[in-house]
Amino acid sequence: MQFQSDNNEKHESTLLNDEAKPHECTVCHKNFYRVGSLKNHLRTHTGEKPYYDCSVCRKTFATSSSLTVHLRAHTREKPYGCPVCKRKFSQSSSVTVHLRVHTGEKPFECAVCYKKFLTNPALTTHMRTHTGEKPYQCSVCLQSFSQGSSLKKHFRTHTGEKPFNCTVCHRNFAECGTLKMHLRTHTGEKPYKCSICDKTFSVNSALRWHLRTHTGEMPHECIVCSKKFFTSGHLKMHLRIHTGEKPFNCPLCPKKFPRPHHLENHLRTHTGEKPFECNVCHMKFTQDGNMKLHIRRMHANV
C-alpha cells in the first residue's frame with residue numbers, strides 16, 4: 001500500500017508541475033512556463049531560424065542569445081575571464097572547461113581504455129580510435145577522417161588555401177599550428193630540451209624524433225619492403241613510392257605530387273614567387289635548397 005501511495009504522490013506531483021507549465025509542445029509533449037520558451041523549443045523540431053539574423057555575415061539563429069554569442073566571433077569580444085590566469089573567453093561555458101586545465105579535472109572517461117578527457121567532444125573523438133569510425137569525408141578525393149578539423153585542414157591541400165599569415169616574412173600557412181612553429185624561426189625560441197644531450201628544439205615532435213637518435217628506435221615499418229622509419233609521417237610518404245599515390249593536386253595545371261612541399265615548390269613556377277633571399281647578395285630563389293647551394297658555391301669564403 002505504501003508503494004501505491006508513493007506512486008500516487010509522484011503522479012500528483014507531475015500533474016502539478018504540468019499545470020504550473022501550461023504551454024505544451026504538440027510534438028514531444030514537453031511543458032513550458034512561457035509561450036516564448038515553447039516557440040523557441042518548437043524550432044528544435046522544425047529547424048526554423050527565422051528571427052535572429054547576423055548583420056555581418058547574414059547567418060540566422062533560433063534565439064537571440066545564440067546570435068549574441070555568434071556576434072563575438074566578429075567583434076572578438078571576450079567578456080568572460082579565467083580567475084586563475086586571466087585568459088579571456090567569449091562564452092561562460094568555455095571558462096568552465098578551461099578551468100579544468102588548472103584543476104586537473106578530467107570528468108569524461110573512456111569505457112575502453114579508461115583514458116580521461118576535459119570535454120565530452122574530446123572523448124567522442126577519442127572513441128573513434130577504438131571504433132575506427134571516420135565520419136568526415138572529403139568531397140574531392142573521398143578520403144575519410146575521424147575529426148571535422150582534420151577534414152578542414154586536408155581540404156586545403158586541394159584548394160591551396162593558406163589562411164594563416166606570418167607578420168614577419170608574410171609567408172602563408174595552411175594551419176595555425178604550423179604558423180606558430182614557423183614564428184620560432186624568427187624568434188629563435190626552442191622550448192623543448194633533450195634530457196640526454198641538452199639539445200633544444202622549437203617543436204615537441206622534433207624532440208621526440210631526436211630522442212630516437214639516442215635510443216635507435218624506429219617504430220614505423222613499411223609493410224611492403226620492411227624499411228623502418230623514425231616517424232609515421234616519413235613512413236606514410238615512403239609508402240607512396242610503392243603505391244604511386246600523388247594526393248596533392250596543382251589547382252592551376254593537371255600536375256600531381258606525392259608530398260605537400262613538392263606542390264608548394266611547383267606552385268611558384270606559376271606565381272613567380274621567390275621567397276628565399278641570399279643574405280649576402282640578396283639574390284632570390286624559389287626553393288630554400290637552391291639558396292643554400294648558391295651560398296656554398298658563390299659565398300663560401302664570406
Side-chain angles (χ1 to χ4, degrees), residues 17 20-21 23-25 27-131 133-137 145-156 163-164 173-181 204:
N17 284 336
K21 298 178 179 179
H23 306 287
E24 183 181 352
C25 173
V27 180
C28 66
H29 306 293
K30 189 174 180 180
N31 291 80
F32 297 88
Y33 288 111
R34 295 182 296 275
V35 175
S37 299
L38 172 59
K39 284 181 178 178
N40 286 338
H41 165 78
L42 280 169
R43 293 181 191 133
T44 64
H45 297 299
T46 64
E48 182 190 11
K49 295 181 180 179
Y51 296 118
Y52 304 100
D53 186 4
C54 174
S55 58
V56 181
C57 67
R58 315 314 302 177
K59 194 173 181 180
T60 57
F61 297 87
T63 65
S64 60
S65 58
S66 297
L67 173 60
T68 300
V69 171
H70 164 78
L71 281 169
R72 291 177 188 142
H74 298 298
T75 64
R76 302 191 181 278
E77 181 193 7
K78 294 182 177 181
Y80 303 100
C82 170
V84 180
C85 66
K86 311 305 178 187
R87 187 176 170 184
K88 298 285 187 179
F89 299 88
S90 60
Q91 300 182 54
S92 58
S93 58
S94 298
V95 179
T96 303
V97 172
H98 165 77
L99 279 169
R100 292 173 187 152
V101 174
H102 299 297
T103 63
E105 181 192 11
K106 293 183 177 181
F108 302 96
E109 184 177 278
C110 174
V112 180
C113 67
Y114 306 110
K115 191 174 181 181
K116 295 184 177 182
F117 298 88
L118 294 176
T119 66
N120 193 40
L123 171 59
T124 301
T125 299
H126 163 79
M127 287 300 296
R128 293 178 186 139
T129 63
H130 298 298
T131 63
E133 181 192 11
K134 293 183 177 181
Y136 304 98
Q137 188 177 61
F145 300 87
S146 60
Q147 299 181 51
S149 57
S150 299
L151 172 59
K152 190 175 182 180
K153 291 174 187 175
H154 162 80
F155 203 74
R156 291 178 187 140
F164 303 100
F173 298 88
E175 298 179 27
C176 180
T178 309
L179 170 60
K180 285 179 180 178
M181 289 188 288
N204 191 32

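Quick note: numbers below take in every heavy atom, side chains included, and nothing from hydrogens, waters or symmetry partners. Please read these numbers as outputs of a predicted model, since none were measured by experiment.
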Side chain of Arg72, backbone of Glu77: donor and acceptor closer than 3.5 Å? no
Taking the side chain as every heavy atom from C-beta outward, state whether Arg128 and Lys134 have any atom pair closer than 4.5 Å. no
Could you list the donor-acceptor pairs under 3.5 angstrom formed between side-chain atoms of residues 87-95 and any protein atom two or more places apart in sequence or on another chain?
none

Going from CD on Gln147 to OH on Tyr136, what distance comes out if it is rounded to the nearest 0.5 angstrom? 8.5 Å
Supply the atom-to-atom distance Met127 CE to Phe117 CZ, rounded to the nearest 0.5 angstrom. 9.5 Å
Taking the side chain as C-beta and beyond, is there a heavy-atom pair between Leu151 and Gln137 under 4.5 Å? no
Using the salt bridge (charged side-chain N to carboxylate O under 4.0 Å, His left out) rule, collect all pairs that involve residues 104-114, keeping only residues at least two apart or in two chains. Arg100-Glu105, Glu109-Lys116
What's the verdict on side chain to side chain contact (heavy atoms under 4.5 Å, CB included) for Lys30 and Glu24, showing C-alpha distance, side-chain angles and the deciding distance? CA-CA 6 Å; Lys30 189 174 180 180; Glu24 183 181 352; over 6 Å; no
If you define the side chain from C-beta out and look only at heavy atoms, does anything of Glu133 sit under 4.5 Å from Ser146? no
Tell me if the centroids of the rings in Phe145 and His154 come within less than 6.0 Å of each other. yes
Scanning both residues in full, the closest heavy-atom pair of Phe32 with Leu38 reads CD1-CD1, 3.9 Å
Using side-chain heavy atoms (C-beta onward) and a distance below 4.5 Å, is Leu123 in contact with Asn120? yes
How many angstroms lie between CG in Asn204 and CE in Met181, if you round to the nearest 0.5 Å? 10.5 Å
Check Cys85 against Cys82 and note the closest heavy-atom contact, atom names and distance. N-SG, 3.4 Å
